[in-house]
S.K.: 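Okay, here's the structure, questions in a sec.
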Amino acid sequence: MVEFGTSQLAFVLLSFAAGFFAFALLLLLLHKRPWCCCHVCRACLSGSWAVEFDNLSDWYAHLLQKSPTGTIRIHVLGKTVTANPANVEYMLRTRFDNFPKGKPFTAILGDLLGQGIFNVDGDAWRLQRKIASLALGSVKVREYASCIVAEEIASGILPRLAAAAETGSIIDLQDVFRRFTFDAICRISFGLERGCIELPVPMEEFTAAFDAASRLSAMRGAAVAPAVWKLKRILNVGSERELRRAISMINELAKEVIRQRRKLGYDGCHDLLSRFMSTAEDDDEYLRDIVVSFLLAGRDAVASALTGLFLLLARNPQVAARIGEEINAGGENMSSSGRDYVQAAIHESMRLYPPVQFDSKWCVEDDVLPDGTFVGQGTRVVYHPYAMGRMESIWGADYAEFRPERWLRGKAFAAESLFKYPVFQAGNRVCLGKELALVEIRKVVVAVLEQFDVEVADAGRPVKFAPGLNTTFSGGVWARVTRRVAVSAENRVIK
């Protein structure tokens, strides 16, 4: 009886403390965030934007298209969003030090990414970037990575597509590409085959945990009231409890990767983890953050880019046919103009479906953006590559069309300024893996279209994205694959 009464009292006290804490956080939130009844803030708070738009990113694109400056404010979120290239350059290069990731952002992703390169500023970021830059700039590392990509395409993607073609079954391209990029990144970044990683449960459960952690971390970032997820984290309930379980599984995977790398040794190895271990061999927490960061970049981003590209090729068969013609003429050794056309198609697909749809910075000191927008200290400032790919002011009246030719000058590929196309970020934090990712995507496109025709089921349906740190196509992208019949330059039928 006494024990029961003590338990009841403890529960009451805990509930009171939690309620008081939640009330205090709410007061703090209301103090920091102005209440606003404008139509944008009302739509944000009520979710009424979803009546007209399938995705939050499409709503943002619509608002930015209507803005004379390409910049909007969402007052209740304390957030400024821009699709103006001049503003992007100002944030990412001109006033780089005034627009860091910031502590609020690192808190959102801290449980997942820790102190990894994508979640830190200052000296920690500079050190990791220097190590990664030296590794990815090495000719030996690039050759090593290129060979791995070719091997994983031959042993992973092509057999899976061949099996689907033989049985006539449909296959989820997003899943195929995620399996491929996971296996490739384990070898490129960690020097490990999937079969070398000894885990207590199937690898699929760990990849599912990674997907869940990405989704739940993204939900933190989109929360109208961050105090809510912070309270749930303290109480270990709801989505935060699910996130903690997912991250626990990810930690087990990272721990095993580090253990295996130590077991095999790392002196003279070309993988990225070995480079980092040579500078911090005994710091397991630091190495864990490196492992997770490379998994996020190498698995999700490249798979997302490939999925979006094959969806657009299915919707635009004339582009797929043109690539097929170039492949017929030379395969992987196609002409420079053919290679440039494939490169143009890849860039054009990521213009419309960037793997990372937006990126956030935090303003350190009061500032004024080039378009005249005042940004106060502590304001979250977001530049939006997804919306930027849909701006008539940047790409012209045909911005909604998938047209690789916009990237060609004559027959040669011509890159655009990264500040109008920040798919790989820009300025000081431009993606170090950009060239490797482009080579990886091109090799997959050529290998697949050389052997198969890919017809996406219901390719015309509106695209809906699932929550996540990278672009994820909700429900996958399902396709029917058939063996390709093509006519070579010598008019031979190839099957």
Side-chain angles (χ1 to χ4, degrees), residues 25 28-29 32-33 44 56-57 60 71-82 87-88 90-93 95-129 213-233 239-240 243 247 289-290 292-297 300-301 354-367 369 375-387 422-431 467-471:
L25 286 177
L28 181 63
L29 177 69
K32 287 190 172 182
R33 299 277 174 81
C44 179
L56 182 62
S57 53
Y60 277 130
T71 302
I72 59 171
R73 286 190 177 114
I74 303 182
H75 307 97
V76 294
L77 297 181
K79 180 165 72 174
T80 296
V81 186
T82 188
N87 291 346
V88 175
Y90 187 78
M91 293 162 55
L92 301 187
R93 183 168 66 182
R95 290 277 283 162
F96 175 76
D97 289 335
N98 199 42
F99 293 94
K101 288 285 186 183
K103 290 183 179 179
F105 182 87
T106 57
I108 290 170
L109 297 182
D111 290 328
L112 175 60
L113 297 182
Q115 296 296 304
I117 188 171
F118 303 120
N119 204 43
V120 290
D121 294 303
D123 291 341
W125 167 73
R126 290 186 184 90
L127 174 62
Q128 292 182 49
R129 186 172 177 85
S214 174
R215 170 176 55 83
L216 295 165
S217 296
M219 288 170 59
R220 279 183 174 182
V224 174
V228 175
W229 72 256
K230 291 179 181 179
L231 178 61
K232 289 163 70 176
R233 182 177 183 273
S239 58
E240 287 297 311
L243 177 59
I247 290 175
D289 297 342
I290 298 300
V292 175
S293 296
F294 282 132
L295 277 174
L296 178 67
D300 289 5
V356 179
Q357 296 186 355
F358 64 89
D359 191 24
S360 298
K361 307 295 180 184
W362 294 83
C363 186
V364 176
E365 299 175 349
D366 290 357
D367 211 331
L369 300 178
V375 181
Q377 179 184 16
T379 299
R380 181 181 178 185
V381 188
V382 177
Y383 68 92
H384 211 291
Y386 182 89
V423 169
F424 294 98
Q425 295 210 42
N428 294 1
R429 292 191 82 127
V430 67
C431 176
L469 299 176
N470 292 93
T471 298

S.K.: My understanding is that only residues two or more places apart in sequence, or in another chain, count here; which of them pass ring pair (Phe, Tyr, Trp, His ring centres under 6.0 Å) with Tyr383?
M.R.: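 Tyr383 satisfies ring pair (Phe, Tyr, Trp, His ring centres under 6.0 Å) with no other residue.
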S.K.: Of Asn119, Asp359, Asp121, which meets side-chain hydrogen bond (donor to acceptor under 3.5 Å, both in side chains) against Lys101?
M.R.: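 Passing option: Asp359.
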S.K.: What residues, two or more places apart in sequence or in another chain, satisfy ring pair (Phe, Tyr, Trp, His ring centres under 6.0 Å) together with Trp125?
M.R.: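 If we apply the ring pair (Phe, Tyr, Trp, His ring centres under 6.0 Å) test to Trp125, skipping adjacent residues, the hits are Phe96.
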S.K.: Using the side chain to side chain contact (heavy atoms under 4.5 Å, CB included) rule, pick out the option among Ile108, Val382, Val381, Val81 that qualifies with Ser360.
M.R.: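 Checked Ile108, Val382, Val381, Val81 against Ser360; only one passes side chain to side chain contact (heavy atoms under 4.5 Å, CB included): Val382.
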S.K.: Locate the shortest heavy-atom distance separating Val423 from Pro354; write the atom from each residue and the value.
M.R.: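 Where Val423 meets Pro354 most closely, the heavy atoms are CG2-CB, 4.1 Å.
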S.K.: Heavy-atom distance under 4.5 Å between the side chains of Arg380 and Thr80, does that happen here?
M.R.: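 No, every pair of side-chain atoms sits at 4.5 Å or beyond.
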S.K.: When you compare the side chain of Phe99 with that of Cys363, does any pair of heavy atoms fall below 4.5 Å?
M.R.: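 Yes - at least one pair of side-chain heavy atoms lies under 4.5 Å apart.
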S.K.: Which heavy-atom pair separates Pro226 from Ala223 by the least distance, and what is that distance?
M.R.: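 The pair with the smallest heavy-atom distance is CD-O, 4.2 Å.
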S.K.: Taking C-beta and beyond as the side chain, do Asn470 and Leu296 meet within less than 4.5 Å on heavy atoms?
M.R.: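 Touching, per the 4.5 Å side-chain cut-off.
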S.K.: Locate the shortest heavy-atom distance separating Leu112 from Leu469; write the atom from each residue and the value.
M.R.: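 What the structure gives for the nearest pair is CD2-CD1, 3.8 Å.
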S.K.: Do you know the tightest heavy-atom contact between Gly116 and Ser293?
M.R.: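 Closest pair (atom of Gly116, atom of Ser293, distance): CA-OG, 3.4 Å.
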S.K.: Kindly indicate, with the supporting measurements, whether the criterion side-chain contact (heavy atoms from CB on, under 4.5 Å) is fulfilled by Ser57 and Gln357.
M.R.: CA-CA 8 Å; Ser57 53; Gln357 296 186 355; 3.2 Å; yes
S.K.: With rounding to the nearest 0.5 angstrom, report the SG to CG distance, Cys44 to Leu56.
M.R.: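 Answer rounded to 0.5 Å: 7.5 Å.
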S.K.: Examine distances only and state if a side-chain atom of Thr471 and a backbone atom of Pro355 form a donor-acceptor pair shorter than 3.5 Å.
M.R.: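 Yes: the side chain of Thr471 pairs with the backbone of Pro355.
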S.K.: Pairing donors with acceptors under 3.5 angstrom, does anything connect the side chains of Thr71 and Asn87?
M.R.: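 Side-chain D/A pair, Thr71 to Asn87: present.
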S.K.: Taking everything shown except Tyr90 itself, do over 12 heavy atoms lie less than 6.0 Å from its OH?
M.R.: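 Check passes, neighbour count above 12.
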S.K.: Look up atom OH in Tyr60 and atom CZ in Phe358, then write down how far apart they are to the nearest 0.5 Å.
M.R.: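 Rounded to the nearest 0.5 Å, the OH-CZ separation comes to 7.5 Å.
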S.K.: Taking atom OG of Ser217 and atom CG of Leu243, what is their separation to the nearest 0.5 Å?
M.R.: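 Those atoms lie 5.0 Å apart.
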S.K.: Is any side-chain heavy atom of Arg95 closer than 4.5 Å to one of Asp367?
M.R.: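 Answer yes - side chains close enough.
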S.K.: Could you check whether atom CD of Gln115 has more than 12 heavy atoms from other residues, nucleotides or ligands sitting under 6.0 Å from it?
M.R.: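 No.
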S.K.: Start with the C-alpha gap between Leu77 and Val224, add the side-chain angles, then the distance that decides, and say whether side-chain contact (heavy atoms from CB on, under 4.5 Å) holds.
M.R.: CA-CA 6 Å; Leu77 297 181; Val224 174; 4.0 Å; yes
S.K.: Just so I know, are the side chains of Ile74 and Val76 near enough to count as touching, which here means a heavy-atom distance under 4.5 Å?
M.R.: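 The answer is yes, as the side chains (C-beta and beyond) meet within the 4.5 Å cut-off.
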S.K.: Between Ala107 and Trp229, which heavy-atom pair has the shortest distance, and what is it?
M.R.: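 Result for this residue pair: O-CH2, 3.9 Å.
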S.K.: Just do the salt bridge (charged side-chain N to carboxylate O under 4.0 Å, His left out) check on Asp111 and Arg233 with the steps written out, would you?
M.R.: CA-CA 10 Å; Asp111 290 328; Arg233 182 177 183 273; 2.8 Å; yes
S.K.: Mind checking what makes salt bridge (Lys or Arg N to Asp or Glu O under 4.0 Å) contact with Lys232, not counting sequence neighbours?
M.R.: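 Listed in chain order: nothing, the list is empty.
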S.K.: In the structure I gave you, are the side-chain heavy atoms of Met91 and Lys361 within less than 4.5 Å of one another anywhere?
M.R.: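 The answer is yes; the side chains approach within 4.5 Å.
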S.K.: To the nearest 0.5 Å, what is the distance between CD1 on Ile117 and CD1 on Ile290?
M.R.: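 With rounding to 0.5 Å, CD1 (Ile117) is 7.0 Å from CD1 (Ile290).
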S.K.: Looking at Arg220 and Glu240, does any basic side-chain N land under 4.0 Å from a carboxylate oxygen?
M.R.: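 Salt bridge flag = yes for Glu240 with Arg220.
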S.K.: Rounded to the nearest 0.5 Å, how far apart are CH2 of Trp362 and OG1 of Thr379?
M.R.: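 Spacing of CH2 (Trp362) from OG1 (Thr379) equals 8.5 Å.
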